[in-house]
Number of protein chains: 2
Amino acid sequence: MMDHRATIKDVAAAAGVGVATVSRVLSGNGSASSRTREKVLEAAARLDYRPSALGRNLKLRRTGALGLLVPDITNLFYSRLADGVLSCARSMNEHVIVGTTGNDPEREAELIGGFVDQSVDRVIAVPSGDAEAWIPVLRADIHLVFADRLPLGLSPTPTGRDATALHKVPAVLADDRSGIHAAVGYLAGLGHRRIGFLGGNGRQQAFREALTHSGVPADDELIVTARGARDTSYAAAASLFQRRPDISALLAGNNILGEAAVLAARELDLRVPKDVSIVMFDDVPWAELCSPTLTVISQPARDMGYRAAELVLRDPRATRTRPTVLPTELVVRGSCAPPTDGAGRGRYGTDPRDRGLRG
Amino acid sequence: MMDHRATIKDVAAAAGVGVATVSRVLSGNGSASSRTREKVLEAAARLDYRPSALGRNLKLRRTGALGLLVPDITNLFYSRLADGVLSCARSMNEHVIVGTTGNDPEREAELIGGFVDQSVDRVIAVPSGDAEAWIPVLRADIHLVFADRLPLGLSPTPTGRDATALHKVPAVLADDRSGIHAAVGYLAGLGHRRIGFLGGNGRQQAFREALTHSGVPADDELIVTARGARDTSYAAAASLFQRRPDISALLAGNNILGEAAVLAARELDLRVPKDVSIVMFDDVPWAELCSPTLTVISQPARDMGYRAAELVLRDPRATRTRPTVLPTELVVRGSCAPPTDGAGRGRYGTDPRDRGLRG
DNA sequence: ATCTGTGCTGGAATCGTTTCCATGATGGAC
DNA sequence: GTCCATCATGGAAACGATTCCAGCACAGAT
């Protein structure tokens, strides 16, 4: 009886051939006479031989594993993205090692180090920190693809040699700009003049552009930088509503911030959309369940993951200078209406009525 | 210059010692004089040496990786569970390989095979299929913990030798029974007599018990088996509402089915809670956002993952005959009210008024 | 009959680590 | 001064695969 798993040596002995022959037959690389092939296959089957990935990995200096880094797996957007990655990886028989960064560059760097140590072959990442954190990955010859966003400091023109390499890392992004332009245009068309924004830097930039494009004055006080951590989002939304009760519409930069905005509005007795209109970036099932139903900018989260995995698995050598950009779409539901009060009359509504703010 | 990563040999050469010494110093196992220790550490730092996990894994016949199998990573319950696992694994420097089974036993078996081949050390699984699928895992000496539920055919008393081993696999479960008893008791207390159920076998069993316990007659037509796949859930909920318009309350067995129930009720113009009361197993953020807010049975999803990871990482040798059961809690919100019509008067409300069902 | 090219085959080297074991050195006790 | 225990040390053997390369058999051409 076998005490443990059969190795290639056991199979070779059982089939009366050399280990090299067994390897050739089973991996299908070299050639073998049909007679020996049969013997080997029979012996392998009889011993229930399963090649050890450990031995192979060492010899080939690769693991056949794909690293995936997302900020927060409980955020539906990222779990959908992960689902896309998993789906593609499964079809290629690759394992996926998942790590969550919590948007913390330090944690991200740790996880990157782990991937390098483990000789992970490929990495798909929603980067949380600086571009330089990724240099070790490139040096280790790991194929890298960014998803959803680019690392900080990667948009400007390249400077050093490593920076150049980083600029060639493929990326799969959503067309934030169009989606945000559509949303702002829609709100402006309804007559909104004091439109707030809650979100990260990238989309904030697009939001400002969209305001200009729609001829709505930008008001820095209405633009709040927030990353969408669950514990700080509500406070960010609530304090914006309280600080500026004259706000007539709000664009939330992701689904966590959108949730916070809806909750904060409800808590402060702001009726949606009568008192304030809300648009959220990213569509989620509950957008149809809450009342009023939420108008959103939908993005193909699962596709982004799938495409990123395709890029990194199918043609890992391909380096692109232009990122793959997937379309977004404004899905109009029930959370927006023309402003009823003060808004649209002048630059600042005079003496905005207190709408029952408690804090 | 180094063309590639420095190996332990390079460090040994640079420090003027043998490889064994380097290994001892760096892994902290054997002893070494402070003089050589210093030399080795200096050389390692200078060469930026990072031990190859590949080599170590082969020698130690382990990967230091944790496999995690869940039905669907986009289901918030499972992504929370995964988050708990990831969190605990990170604190132990273990990598987590995530696979999704889609509740498909065949896919599950494939993924299990992959884990065995890869020499994954430990596995946490929400099992989707038969108990026998896990025998290869045990044979490979992989430490296994079940989470959220047990494999089919594991509740009865053990029969064979392997079955016995399977019965010793630790498990972390939610206290479904109490939660469901509380919910059914609550609904019965409100006066409901025709309470429906939508969900899997395990919780269905608990539901029937709870009905008996509360003195409410069980009605097989009101009990629908559904696993909670996104594409079939809505149809299951809608057809239940249509088939039995006299249903006065519904308990949904998970958050996907709950979502489907709320959506189906809305689509069929059933007002919640006036026409039908709804309770959902598993608390999610949108339960507070939808209107009316949803009464739920909350379960500590993240904790379950964390505890499972603790079990499998900290004392992997511990085998338990009693599963770890974590508490559930009925969170009363706004989706339940006393039945208004027909219900509570007799066994079957006579001639229930059509409430505008469209189908 | 000899030569050559083709196609199988298996021994051995390799990947980078850990760990066993033999060796040499050191230091204290007698 | 001798002896023994203790300790640091490095060579070498695993771990389980892949793959290079040399050897060998055999068929066809000369």
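From a predicted model like this one, the values you see are computed outputs, not experimental measurements. Sequence lines set the chain letters: A, B, ... in the order given, protein chains first and strands last, and positions in each chain run from 1.
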Establish, from distance only, whether the side-chain atoms of B:S79 and A:S79 form a donor-acceptor pair under 3.5 Å.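 No.
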side-chain contact (heavy atoms from CB on, under 4.5 Å) between A:V312 and A:L144, worked out: CA-CA 7 Å; A:V312 86; A:L144 176 62; over 6 Å; no
Can you name the atoms? Protein N/O to nucleotides 18-21 of chain D N/O, anything below 3.5 Å, with the distance.
{"from": "D:dT18", "atom 1": "OP1", "to": "A:R56", "atom 2": "NH1", "distance (Å)": "3.1"}
{"from": "D:dT18", "atom 1": "OP2", "to": "A:S23", "atom 2": "OG", "distance (Å)": "2.7"}
{"from": "D:dT19", "atom 1": "OP2", "to": "A:N29", "atom 2": "ND2", "distance (Å)": "3.0"}

What is the separation between atom [atom1] on [X] and atom [atom2] on [N], rounded to the nearest whole Å?
X: B:K39; N: D:dA8; atom1: NZ; atom2: C1'; value: 12 Å
X: A:R61; N: D:dA17; atom1: CZ; atom2: P; value: 18 Å
X: B:K9; N: D:dG10; atom1: NZ; atom2: P; value: 16 Å
X: A:D10; N: D:dC15; atom1: CG; atom2: C1'; value: 13 Å
X: A:E38; N: C:dT9; atom1: CD; atom2: C1'; value: 18 Å
X: A:R37; N: C:dG7; atom1: CZ; atom2: P; value: 14 Å
X: A:Q118; N: C:dT17; atom1: CD; atom2: P; value: 13 Å
X: A:R50; N: D:dA17; atom1: CZ; atom2: P; value: 12 Å

Could you check which of D:dT9, D:dG16, D:dG10 has an atom nearest any side-chain atom of A:L58?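 The closest nucleotide is D:dG16.
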Step-by-step side-chain contact (heavy atoms from CB on, under 4.5 Å) determination, A:R5 to B:V116: CA-CA 11 Å; A:R5 274 171 68 167; B:V116 171; 4.2 Å; yes
If you compare every side-chain N and O of [X] against the phosphate oxygens of [N] (OP1, OP2), does one of them come in below 4.0 Å?
X: B:S33; N: D:dC7; answer: no
X: A:S52; N: D:dC15; answer: no
X: A:T36; N: C:dC8; answer: no

Name the nucleic acid region contacted by B:G55, choosing base, sugar-phosphate or nothing; use a 4.0 angstrom heavy-atom cut-off, strictly under.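 Answer is base: heavy atoms of B:G55 come under 4.0 Å of a base.
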Of A:L311, A:L66, A:V85, which meets side chain to side chain contact (heavy atoms under 4.5 Å, CB included) against A:V145?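 Of A:L311, A:L66, A:V85, side chain to side chain contact (heavy atoms under 4.5 Å, CB included) with A:V145 is met by A:L311 alone.
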State which residue, out of A:N75, A:V126, A:D148, fulfils the side chain to side chain contact (heavy atoms under 4.5 Å, CB included) condition with A:V70.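 Considering A:N75, A:V126, A:D148, a side chain to side chain contact (heavy atoms under 4.5 Å, CB included) with A:V70 is found only for A:V126.
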B:E42, CD atom: more than 12 neighbouring heavy atoms under 6.0 Å: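 Above 12, so yes.
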A:V169 and A:L138: side-chain contact (heavy atoms from CB on, under 4.5 Å), yes or no, with the steps? CA-CA 9 Å; A:V169 171; A:L138 298 183; 4.1 Å; yes
